[in-house]
Structure formats: C-alpha cells, structure tokens
There are 2 protein chains.
Amino acid sequence: MNISDFIKEKRKQLNLTQPELAERAGVGLRFIRELEQGKQSVRLDKVNQVLALFGSEIGVIKKDSPTF
Amino acid sequence: MNISDFIKEKRKQLNLTQPELAERAGVGLRFIRELEQGKQSVRLDKVNQVLALFGSEIGVIKKDSPTF
DNA sequence: TATATTTGTACCTTAAAGGGTATAAATATG
DNA sequence: CATATTTATACCCTTTAAGGTACAAATATA
C-alpha cells in the first residue's frame, strides 16, 4: 500500500470529499488531488499534515515492508 | 528515531561524509545537510533517493510506532 | 438515462526548495 | 595545541511545489 492509496482509502472511510479533507488538513485542494494521484515530489510536512488526521505519519521502513 | 537521525546514523555506519552521500544519492550537498538537521519541508522523492542507499524507504506508520 | 456530485486537468502566480559556491564553525587527528 | 577534515551557515540563482480558480471528465444518484 502506497501513501497515495492509503490516504485515498482513509478519506473514503471517513466519508470525506477531497475539498473537505483539504480543509481539515489545512492544505490546498490541489495538493490532496496530486497526492492521491501518486505525485512523488511532494513536501514531507504537507503529507504529514494530512496523515495526522488519520493518526499516522511518515516514517522510515525497510524496503518491501508492509506500511501501516 | 526520526528520519534525520536515521540518515545521519546510517551515513556514519558507512563512513561517508555528507558530500560523499550527496554524490552517491544524486542529490545536492545542501539537501543532505538540511535533511540531517531536521528540515521538515523536504521533498519526499529526494528523501527516498537517499534512503534507497540504505535499503529503506518512506512509508506510512502509526503515530509513535518505532520506525525502521 | 438525466442530473448532481465528486474528481481530475489546465493556467497563472507566489513562495520556497534545491543546487552551487564560498566561508565560518565545529570536530577529529597528529 | 596546531592542523586537517568535516559540518554548518550565508549568499545568489533557477526550478518547481503549492495554492487559487475555472472547466472537463468521471462517478454516483435520482
């Protein structure tokens, strides 16, 4: 599970739209969209802002370890 | 263990200087420095470029989970 | 299937990340 | 303690992430 899919999935679980998630996370709508579409060159702090809503965050893992 | 410390530690283990790590990872020297100093607003893909040298990568974890 | 909602794409602007280089500070080594 | 090596800071420049808005495409709903 990659970050993009994780976020999309968690958002769905909470029945939030992209604008709602952006609002709550305090990031721009476009950021959420690009993030969910797998953009790699995103800022770490912004990603963590979003993940914080789900009780998770970015961390270092071994390659091929299951995330979360 | 946060990302900054993890990278600094791994680099030391391999007896690399910051310029050497930057060279190998294909990122700028300044990026390595800011990264090791805990800068949050770094690009995810660049971080992964560095972590790849250590056989690790960025992933989503639960808050307060031990990383790596 | 028609309509409403949600998501994705495109354009523009602004702020700042990333890079190079030079130099100062800190650390290691003899 | 003196010197060499490594790391941190400061400067400038270029690139681009992020945000806003508008519109198109896709998906859900009636």
Side-chain angles (χ1 to χ4, degrees):
Chain A
M1 166 101 82
N2 58 38
I3 295 173
S4 306
D5 292 341
F6 176 82
I7 288 174
K8 184 177 289 188
E9 206 168 285
K10 283 286 183 182
R11 176 174 64 77
K12 295 285 188 185
Q13 284 176 20
L14 298 182
N15 282 306
L16 296 174
T17 63
Q18 289 174 342
E20 286 166 344
L21 178 58
E23 166 87 47
R24 290 207 196 184
V27 300
L29 171 56
R30 252 197 36 195
F31 176 78
I32 295 292
R33 294 190 166 154
E34 293 177 334
L35 186 59
E36 289 195 358
Q37 282 161 63
K39 188 179 182 184
Q40 295 295 306
S41 55
V42 289
R43 278 173 50 171
L44 199 64
D45 57 341
K46 296 285 176 183
V47 178
N48 274 328
Q49 251 177 274
V50 178
L51 290 178
L53 295 178
F54 310 136
S56 51
E57 65 186 356
I58 288 294
V60 184
I61 61 171
K62 289 200 187 97
K63 273 219 161 81
D64 306 322
S65 300
T67 58
F68 199 68
Chain B
M1 165 103 78
N2 57 38
I3 294 174
S4 305
D5 292 340
F6 176 83
I7 287 175
K8 184 177 288 187
E9 205 169 285
K10 284 284 181 182
R11 176 174 65 79
K12 295 285 188 186
Q13 283 176 17
L14 299 181
N15 282 306
L16 296 174
T17 63
Q18 289 174 341
E20 286 166 344
L21 179 58
E23 165 89 47
R24 290 207 195 184
V27 300
L29 172 57
R30 249 199 36 194
F31 177 78
I32 295 292
R33 294 191 167 154
E34 292 177 333
L35 187 57
E36 288 195 358
Q37 281 163 63
K39 187 179 183 185
Q40 295 296 307
S41 56
V42 290
R43 276 173 52 169
L44 201 62
D45 57 341
K46 298 280 177 187
V47 179
N48 273 327
Q49 253 178 271
V50 178
L51 291 178
L53 295 178
F54 309 138
S56 51
E57 65 186 356
I58 286 294
V60 183
I61 61 171
K62 290 201 187 95
K63 273 220 159 84
D64 305 322
S65 299
T67 60
F68 198 68

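The chains referred to below are lettered A, B, ... by the order of the sequence lines, with proteins before strands, and numbering in each begins at 1.
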Near-strand residues of residues 5-13 of chain A, defined as heavy-atom separation under 4.0 angstrom from DNA chain C
A:Lys8, A:Arg11, A:Lys12
Got a sec? Which of residues 34-44 of chain B come in under 4.0 Å of DNA chain C, heavy atoms?
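B:Lys39, B:Ser41, B:Val42, B:Arg43, in order of number.
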Which residues share a side-chain hydrogen bond (donor to acceptor under 3.5 Å, both in side chains) with B:Ser41, sequence neighbours left out
none
Rounded distance (Å) that lies between atom [atom2] of [N] and atom [atom1] of [X]:
X       : N      : atom1 : atom2 : value
B:Asn15 : C:dA28 : CG    : P     : 13 Å
B:Gln18 : D:dT9  : CD    : C1'   : 12 Å
A:Leu29 : C:dA10 : CG    : P     : 16 Å
B:Phe31 : C:dA16 : CZ    : P     : 18 Å

If you compare all heavy atoms of A:Glu36 against all heavy atoms of A:Leu21, which two are closest, and at what distance to 0.1 Å?
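Taking A:Glu36 first and A:Leu21 second, the nearest heavy atoms are OE2-CD2, 4.3 Å.
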Could you tell me which residues satisfy side-chain contact (heavy atoms from CB on, under 4.5 Å) with [X], sequence neighbours excluded, listed by chain and number?
X       : result
A:Glu23 : none
B:Gln37 : B:Arg33
A:Leu14 : A:Leu16, A:Phe54

Who pairs with [X] by salt bridge (charged side-chain N to carboxylate O under 4.0 Å, His left out), at least two apart in sequence or on another chain?
X       : value
A:Asp5  : none
B:Lys39 : B:Glu34
B:Glu57 : none

Within the structure provided, determine whether A:Leu44 and B:Ile3 are in side-chain contact (heavy-atom separation under 4.5 Å).
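Touching, per the 4.5 Å side-chain cut-off.
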Does any pair with a residue in residues 40-49 of chain A pass salt bridge (charged side-chain N to carboxylate O under 4.0 Å, His left out), and if so which ones, sequence neighbours excluded?
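Checked against salt bridge (charged side-chain N to carboxylate O under 4.0 Å, His left out) - neighbours excluded - the pairs reaching residues 40-49 of chain A are A:Arg43-A:Asp45.
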Identify each atom pair where a protein N or O and an N or O of nucleotides 23-30 of chain D are less than 3.5 Å apart, giving names and distance.
none

Between B:Asp45 and B:Pro19, just flag the one whose closest nucleotide in DNA chain D comes earlier from the 5' side.
B:Pro19
Could you work out the complete set of other residues in the hydrophobic cluster of A:Ile61, with links drawn between I, L, V, M, F, W and Y side chains under 4.5 Å apart?
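Its cluster partners, ordered by chain and number, are B:Ile61.
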